[in-house]
Amino acid sequence: MLITMGGGYCFIFEEHFRRFLDFDELKQCVKALGLEILYAKEDKGFAPFKNEDDYFIRLIAQNN
């Protein structure tokens with residue numbers, strides 16, 4: 001089931017919730033909060049599960 005929430009898209013499958021984020025928009029929001037991005041990457045390999053290896057975002061930020 002694909003639903004919209006807060007202007008973005010979400011997916012619920014077998015009671016598992018996923019939210020689809022725009023990587024560049026997420027980085028802009030983090031910077032707008034005054035945080036420094038130390039690491040940001042969108043790629044496969046962050047959370048493989050069984051035969052699936054979807055794209056995920058990993059972002060590390062700190063407050064200065």
Side-chain angles (χ1 to χ4, degrees):
M1 170 191 326
L2 187 63
I3 58 175
T4 60
M5 176 184 283
Y9 291 99
C10 305
F11 186 76
I12 300 172
F13 179 72
E14 294 180 359
E15 299 182 16
H16 184 77
F17 178 83
R18 293 230 175 136
R19 178 176 298 141
F20 299 101
L21 300 172
D22 180 286
F23 183 53
D24 293 324
E25 185 177 314
L26 175 64
K27 291 188 296 184
Q28 288 175 0
C29 288
V30 169
K31 290 177 184 177
L33 291 171
L35 301 173
E36 177 186 0
I37 296 175
L38 303 176
Y39 176 86
K41 188 171 183 180
E42 179 179 30
D43 206 349
K44 293 184 173 190
F46 289 137
F49 179 73
K50 297 184 180 179
N51 292 332
E52 297 180 18
D53 190 13
D54 294 325
Y55 280 91
F56 284 86
I57 294 173
R58 184 163 292 166
L59 189 142
I60 301 169
Q62 73 178 11
N63 191 2
N64 290 328

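Just the heavy atoms: all of them, side chains too, but no hydrogens, waters or symmetry mates, feed the values below.
Sequence neighbours left out, not one pair with a member in residues 41-52 passes side-chain hydrogen bond (donor to acceptor under 3.5 Å, both in side chains). Within the structure, the side-chain hydrogen bond (donor to acceptor under 3.5 Å, both in side chains) test picks out the following pairs touching residues 55-64 (sequence neighbours left out): E36-Q62, E36-N64, Q62-N64.
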Side-chain atoms of residues 20-33: list all donor-acceptor pairs with protein atoms under 3.5 Å, sequence neighbours left out, distances to 0.1 Å.
| unit_1 | atom_1 | unit_2 | atom_2 | d |
| --- | --- | --- | --- | --- |
| D22 | OD1 | D24 | N | 3.2 |
| D22 | OD1 | E25 | N | 2.8 |

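The two residues G45 and P48 make their nearest non-hydrogen contact at O-CD, 3.6 Å.
In the hydrophobic clustering, where aliphatic and aromatic side chains (Ile, Leu, Val, Met, Phe, Trp, Tyr) are joined below 4.5 Å either directly or transitively, Y39 groups with L38, F46, F56, I60.
For D53, there are no salt bridge (charged side-chain N to carboxylate O under 4.0 Å, His left out) partners, not counting sequence neighbours.
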